[in-house]
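A short write-up of the structure that comes next.
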Amino acid sequence: MPKSRSSSLSAHTASLSSKSVASQAKFFKTLGEDIWKNKTEKVNAELFIMTYGVIVQQLCQDLNNDYIKINENLFSMGYNIGVRLIEDFLARTALPRCPNMTMTSEVITKVAFKIFLNITPQVENWHTNRESFSIILTENPLVEFVELPQEATKQLWYSNIICGVLKGALEMVQLDCDVFFITDVLRGDLTTEIKVKLNKILKDEIPLGED
């Protein structure tokens, strides 16, 4: 019998764990582009951006521009999305568990970001133990047409929902990580950088999709 797409991908991904980072990057980039092109329902970009902008604006009004609370709310919203979105992601990609954070970083940037935001960020600033890395967003569709008021530029992480999504999704595959913005061009920084730091592997939990 011919192998299923899932088993073929699992075997291919397992073999990649022993290959170079360049080989992994090429495989995941191709996978992300294929799924985006053939298996992702396209959403009007401007409508998506405006909808998110309305959400942030409403939070600002409801919380009287308390930017710390707004950041927390955006993160919480993202977290709730992430714990649900991971099932859709795994169903579409048929990817098995990543054996290390190096492969995790490639899956996040070249597959997940491509599928859901049609962008491919860069991975940089690895810590020496390979358990902490930065995601550099060379583009961010959420901030198109957005200009922050002066009082918000030093406090508001406008795209903090992304950090929440990553936190929730990673937790569902047993990776307890801190995910947070370090810089944002919307706040006047030269780059937009998200830090992902592994705290521990949640070995006591049953992995998603496993008995």
Side-chain angles (χ1 to χ4, degrees), residues 32 36 40-90 92-93 104-105 107-123 132-149 151-173 175-189 191-199 208:
W36 164 256
T40 300
E41 183 178 352
K42 308 303 186 289
V43 177
N44 183 282
E46 289 190 13
L47 178 61
F48 172 69
I49 294 165
M50 291 175 60
T51 300
Y52 183 72
V54 169
I55 291 172
V56 178
Q57 185 177 36
Q58 189 63 52
L59 281 173
C60 291
Q61 294 176 0
D62 293 345
L63 298 172
N64 298 315
N65 292 331
D66 185 332
Y67 296 114
I68 293 177
K69 289 184 178 179
I70 294 167
N71 292 336
E72 291 173 350
N73 272 264
L74 289 172
F75 187 92
S76 179
M77 289 170 58
Y79 178 89
N80 290 331
I81 293 171
V83 297
R84 297 192 301 270
L85 202 62
I86 188 64
E87 288 193 40
D88 176 61
F89 175 77
L90 293 176
R92 281 202 250 178
T93 63
T104 297
S105 71
V107 171
I108 290 172
T109 54
K110 293 180 174 59
V111 186
F113 270 98
K114 181 64 179 180
I115 291 174
F116 296 112
L117 288 178
N118 191 27
I119 60 174
T120 306
Q122 304 298 314
V123 178
S132 171
F133 62 91
S134 291
I135 297 172
I136 308 298
L137 297 178
T138 53
E139 54 183 323
N140 179 2
L142 292 183
V143 303
E144 290 186 31
F145 319 119
V146 174
E147 183 176 346
L148 294 181
E151 66 272 13
T153 55
K154 293 184 179 180
Q155 300 180 69
L156 177 64
W157 295 112
Y158 184 85
S159 304
N160 212 36
I161 195 169
I162 295 176
C163 294
V165 170
L166 291 173
K167 169 72 175 180
L170 288 169
E171 199 169 285
M172 293 301 289
V173 291
L175 297 176
D176 176 17
C177 297
D178 290 332
V179 186
F180 52 92
F181 273 98
I182 293 180
T183 59
D184 188 351
V185 294
L186 201 57
R187 294 169 52 143
D189 299 314
T191 60
T192 298
E193 178 178 355
I194 296 174
K195 177 66 71 175
V196 179
K197 178 181 179 294
L198 177 66
N199 294 318
L208 188 66

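Not measured: the values here are computed from a predicted model.
F133 places a side-chain heavy atom less than 4.5 Å from the side chain of I108. The shortest distance between side-chain heavy atoms of T104 and L170 falls below 4.5 Å. Residues I194 and C163 meet the side-chain proximity criterion, which asks for heavy atoms closer than 4.5 Å. Taking the side chain as every heavy atom from C-beta outward, L117 and F48 approach each other to under 4.5 Å. Counting only heavy atoms from C-beta outward, the side chains of N65 and C60 approach each other to under 4.5 Å. Using a 4.5 Å heavy-atom cutoff, the side chains of D178 and K195 are not in contact. Put simply, the side chain of V107 does not reach to within 4.5 Å of the side chain of T93, judged on heavy atoms. Within the 4.5 Å cutoff, the side chain of L186 has no heavy atoms near those of the N140 side chain.
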List the steps and the verdict of side chain to side chain contact (heavy atoms under 4.5 Å, CB included) for V179 and Y79. CA-CA 11 Å; V179 186; Y79 178 89; over 6 Å; no
I'd like to know whether S159 forms a side chain to side chain donor-acceptor pair (under 3.5 Å) with D184, so could you lay out the CA-CA distance, the side-chain angles of the two residues, the decisive distance to 0.1 Å, and finally the verdict. CA-CA 9 Å; S159 304; D184 188 351; 4.9 Å; no
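No more than 12 heavy atoms of other residues, nucleotides or ligands sit less than 6.0 Å from atom CD of E147.
With rounding to the nearest 0.5 angstrom, the CG atom of N73 is 9.0 Å from the NZ atom of K69. Distance CD1/I68 to CG/L156: 11.5 Å, rounded to 0.5 Å. Summarising the geometry, atom CD1 belonging to I49 is positioned 5.0 Å from atom CZ belonging to F145; distances are rounded to the nearest 0.5 Å. In this structure, CD1 in I70 is found 13.5 Å from CD1 in I55, a value given to the nearest 0.5 Å. Taken from OH in Y67 to CG in L59, the straight-line distance is 12.0 Å, to the nearest 0.5 Å. Note that CD1 of I161 and CG of L142 are 7.5 Å apart. Values are rounded to the nearest 0.5 Å.
The shortest heavy-atom contact between F75 and N160 is CB-ND2, 3.5 Å. Nearest heavy atom pair, residue M172 against residue V83, reads CG-CA, 3.7 Å. Of all heavy-atom pairs spanning L74 and Y158, the tightest one is CD1-O, 3.7 Å. Closest approach of W157 to N71, counting heavy atoms only: N-OD1, 2.9 Å. Among all heavy-atom pairs drawn from I119 and P141, the shortest one is CG2-CD, 3.9 Å. Closest of all the heavy-atom pairs between K154 and R187 is O-NH2, 2.9 Å.
A donor-acceptor pair is defined here as one N or O able to donate and one able to accept, closer than 3.5 Å; such a pair exists between the side chain of T51 and the backbone of L47. Between the side chain of S134 and the main chain of E193, no donor-acceptor pair closer than 3.5 Å is present.
T183 pairs with exactly one of D189, T192, T191 by the side chain to side chain donor-acceptor pair (under 3.5 Å) rule, that one being T191.
A salt bridge links K167 with D176; the closest basic N to acidic carboxylate O contact falls under 4.0 Å.
Under the salt bridge (Lys or Arg N to Asp or Glu O under 4.0 Å) criterion, D62 pairs with no residue at all, not counting sequence neighbours. By the side-chain hydrogen bond (donor to acceptor under 3.5 Å, both in side chains) test, T120 pairs with no residue at all, sequence neighbours left out.
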